[in-house]
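Below: the structure, in structure tokens.
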Amino acid sequence: MRERIRCAHCSYLFSPNPRVKHQRYCSKTECQRARKRLWQKEKLARDPDYKLDHHDSNAQWRSLHPEYWKLYRLTHPDYTSRNRELQRGRDRVRLAKMDVLEPQPIVLKGAYYLMPETADLAKMDASALKVHLIPIT
Ligand SMILES: [Zn+2]
């Protein structure tokens with residue numbers, strides 16, 4: 001009896017093709033699509049040349065089909081409203097982060113040594129001064 005293994009996508013048992021080493025997905029179309037999606041996601045993450053080609057290819061396709069997304073949005077109102085809601089959520093998170101982050105001064109309050117710019121650092125004594133930052137309003 002041939003060995004049967006569990007598909008990594010649909011979890012059904014299947015007999016792997018003996019010509020395919022380390023087969024983890026069954027031959028169903030949806031499982032093969034899932035396998036390819038995962039492969040492409042990993043390839044995009046680790047191969048910058050592939051990512052650039054992928055981006056260029058998509059840009060070229062969009063320039064050849066300029067009306068595609070406009071028509072898609074018109075014929076798929078659920079997609080459009082879901083996308084709008086997701087974007088509102090991302091905008092809310094971004095605005096919340098902007099409220100939390102206050103501008104930080106470039107020079108922090110504290111004690112500093114003031115030295116002439118052209119001085120030989122090894123031979124000179126630095127004079128300690130306290131610097132107070134006065135914000136410009
Ligand atoms: Zn499967």
Side-chain angles (χ1 to χ4, degrees):
M1 186 170 164
R2 286 177 60 188
E3 176 196 16
R4 290 172 64 85
I5 60 172
R6 209 164 279 284
C7 174
H9 182 67
C10 68
S11 302
Y12 287 131
L13 288 173
F14 71 100
S15 299
N17 185 333
R19 293 185 201 97
V20 180
K21 282 186 180 176
H22 313 298
Q23 184 177 357
R24 295 177 47 236
Y25 292 83
C26 72
S27 59
K28 285 185 215 155
T29 305
E30 67 186 71
C31 299
Q32 290 299 309
R33 281 194 182 136
R35 179 186 62 78
K36 185 173 181 183
R37 253 194 322 272
L38 181 64
W39 175 87
Q40 190 169 37
K41 186 178 174 184
E42 289 171 356
K43 182 79 172 168
L44 285 168
R46 69 179 135 78
D47 188 343
D49 290 338
Y50 182 82
K51 188 176 182 177
L52 193 64
D53 286 348
H54 182 78
H55 181 267
D56 290 348
S57 176
N58 282 343
Q60 187 183 3
W61 189 89
R62 281 194 311 270
S63 71
L64 292 173
H65 305 87
E67 298 297 313
Y68 177 82
W69 283 109
K70 202 179 285 182
L71 285 171
Y72 187 86
R73 283 189 293 269
L74 283 173
T75 55
H76 296 80
D78 292 344
Y79 166 84
T80 309
S81 61
R82 180 180 176 271
N83 196 32
R84 191 169 291 131
E85 276 307 307
L86 291 172
Q87 185 60 49
R88 280 190 188 130
R90 288 190 294 267
D91 289 346
R92 271 194 293 272
V93 168
R94 197 172 55 213
L95 286 172
K97 282 181 182 173
M98 287 170 72
D99 289 345
V100 170
L101 295 175
E102 290 179 17
Q104 298 294 315
I106 295 169
V107 179
L108 299 174
K109 281 184 196 171
Y112 293 89
Y113 291 104
L114 292 181
M115 293 182 262
E117 202 174 12
T118 55
D120 183 359
L121 291 176
K123 292 180 182 171
M124 71 170 291
D125 294 326
S127 53
L129 294 172
K130 204 169 224 173
V131 175
H132 296 275
L133 299 177
I134 301 167
I136 299 169
T137 52

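Start at 1 and go down the list; that is how both ligands and their atoms are numbered.
In this structure, Gln23 contributes its side chain and Asn17 its backbone to a donor-acceptor pair below 3.5 Å.
Residues Gln32 and Cys26 come closest through the heavy atom pair NE2-O, 2.7 Å.
Looking only at atom types and distance, the side chain of Arg90 has a donor-acceptor partner in the side chain of Gln87 under 3.5 Å away.
Between Cys10 atom SG and Cys7 atom SG, the angle centred on the Zn ion (ligand 1) amounts to 100° (nearest 10°). Around the Zn ion (ligand 1), the two atoms SG of Cys31 and SG of Cys26 are separated by an angle of 100°, to 10 degrees.
Here His9 does not reach the Zn ion (ligand 1): none of its N/O/S atoms is less than 2.8 Å from the metal.
In this structure, the side chains of Glu30 and His9 come closer than 4.5 Å at one or more pairs of heavy atoms.
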